[in-house]
Participant: 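Have a look at this one.
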There are 2 protein chains.
Amino acid sequence: MYKGVRVMARPVGDPAFEDLTARARIRDAAIRLFAERGMDGTTVRDIAQQAGVSPGLLRHHFGSKEALREACDAYALERLVKVKEEFIVDGEVANAGFLPSAHPTMLLLYKYVTRSLLDGSTGTAALFDDMVAMAEQWVGKHAPGVTGDSRAYAAVLVGMQSGLLAMHEHVSRALGVDVFTTEGYLRMAGAMADLYSHPLLDPEFVAKARRAMPPLRAPNPPTAAGTEPAAEGA
Amino acid sequence: MYKGVRVMARPVGDPAFEDLTARARIRDAAIRLFAERGMDGTTVRDIAQQAGVSPGLLRHHFGSKEALREACDAYALERLVKVKEEFIVDGEVANAGFLPSAHPTMLLLYKYVTRSLLDGSTGTAALFDDMVAMAEQWVGKHAPGVTGDSRAYAAVLVGMQSGLLAMHEHVSRALGVDVFTTEGYLRMAGAMADLYSHPLLDPEFVAKARRAMPPLRAPNPPTAAGTEPAAEGA
DNA sequence: GGGCGGACTATACGCGCGTATAGTCAGTTG
DNA sequence: CAACTGACTATACGCGCGTATAGTCCGCCC
């Protein structure tokens, strides 16, 4: 155990902490901290302290901070697809789909991947693309009222889903409960079910709005206040 | 004009660049860079260079980087409410609501605010809360099929909307067009209109899933693979 | 049992950051 | 004209970062 600075805060919920190899402890600490503060907001010294090792050991095992991130990405993705496989095995979605997500471990991985998307990881970006492709395929089969741009529909669907998690801090504040806890996640999922199963907008209203769109495509649409991104102000 | 390092890249789309006061140029450059790379990813030296002034002048006018951020927040919010007022004046929403958003200036401000939400600005966090309150009120009046948790419904709605913009990089990649351009934004809006005006999920399926939720609220739900956030792996 | 390799720590280097401060220069005011 | 003010630059300080490197300790194999 690293004694450089007295280690006070151990991952409390983690029973087998001492049993893990240092390499695994570093990776887990990194996932936790990257998920919480992002890549830039986390220092290798932070990670090392959380893992109970010296900063140098991190470099010994992973080579660099960037390489550590890639290892975390790979690990998170591997575990996620493993769960996904278990729940899609026989044909279609065996379970209700989002329910295994309510497990604390899954929630942490979701949080990590979500943050990783914002941090610009190429690995999770590829995951996003896969999900869009899957969504487009799904929409093509079970298609509800998609006007024709199924690609955009799928991209928006996946973007909203992951984006909602990206806004977890604000959604949690509005709900008074952390949406990355089982309780909060289920409450959020309930509202999402509402949103997805009942139309929110009047189709007539939408049609009218859609008719108003084409003229806006001009290079400089004739709209409200302000000329260019930089006008004088307060 | 600052000559410390030869200034090559000026904001090209900005005709009245030279006419702006240095203070305004700094603020505009900051909004642009904060929107693009976030607060942490932007240095005061970057901002100063973009604005064509010395780094010291930034401190002279704004005091600190954090104070500059707050000035940007205030400016962005002020301009946004000004536009919002113009489009809600007489009673309800006069226009189609999201259409003034298609203006380039608005898109930049949206991008800024979205990023600011992720960067933890208290000002934009308050804006988020306001929007949730407004959404809850709206949903209460024109209520579609909300089961009862209108608060969560509103929070999810606003979270998805802003979160979708937070994922703009990935959505843009999927669509092959930047969603913060007028063209891309309108395409995205079209898909959103589809999504909002037609139910995506079978209400029967949703009801079944909802019935499966309560048992999961136990502290450690009996779900898939993995024990705790940290098990040995790849 | 002697050497070899890998896990691990201590220490330091160089860089870029936000910030501080002293100084220059033009315009204004009595 | 002298004094003052405020916009602006030059320069430097200190800190914390990612990274590099030298060294220690211990189990393993011939």
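Reckoned from all heavy atoms, side chains included, excluding hydrogens, waters and symmetry mates. Numbers restart at 1 for each chain; the letters A, B, ... are given by sequence-line order, proteins then strands. These figures come from a predicted structure and were not determined experimentally.
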Participant: Tell me whether the rings of A:Y110 and A:Y185 are parallel (<30°), tilted (30 to 60°) or perpendicular (>60°).
Facilitator: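 Plane angle over 60°, so perpendicular.
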Participant: I'd like to know if the side chain of B:Y112 pairs up with that of B:D73 as donor and acceptor (distance under 3.5 Å, no hydrogens or angles considered).
Facilitator: yes
Participant: Below 4.0 angstrom, N of the basic side chain to O of the carboxylate: do B:K111 and B:E36 qualify?
Facilitator: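 The answer is yes: the pair qualifies as a salt bridge.
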Participant: Let's see if you can work this out: which of D:dT9, C:dG18, D:dA7 has an atom nearest to the side-chain heavy atoms of B:K65?
Facilitator: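 Taking heavy atoms from C-beta onward, the closest nucleotide is C:dG18.
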Participant: Any ion pair linking A:D28 and A:R32 (charged N to carboxylate O, less than 4.0 Å)?
Facilitator: no
Participant: Thinking salt bridges, do A:D46 and A:R37 make one under a 4.0 Å N-O criterion?
Facilitator: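 Yes.
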Participant: Mark yes or no for whether A:R187, through its side chain, and A:L175, through its backbone, hold a donor-acceptor pair below 3.5 Å.
Facilitator: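 Such a contact is found between A:R187 side chain and A:L175 backbone.
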Participant: How long is the line joining CZ of B:F62 and P of D:dA7, in whole Å?
Facilitator: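 About 11 Å, once rounded to whole Å.
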Participant: Figure out the CG/P separation between A:L57 and D:dC25, and round it to whole Å.
Facilitator: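 Spelled out: CG on A:L57 to P on D:dC25 is 17 Å.
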Participant: Any residue in residues 36-47 of chain A with a heavy atom nearer than 4.0 angstrom to DNA chain C? Just list them by number, or reply none.
Facilitator: A:R45
Participant: How many whole angstroms separate atom CG of B:L68 from atom P of C:dT19?
Facilitator: 10 Å
Participant: In whole Å, what is the span from the CD atom of A:E66 to the P atom of D:dC17?
Facilitator: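 Rounded to the whole Å, the gap is 18 Å.
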Participant: Between D:dG6, C:dT19, C:dT9, which nucleotide gets closest to the side-chain atoms of B:H60?
Facilitator: D:dG6
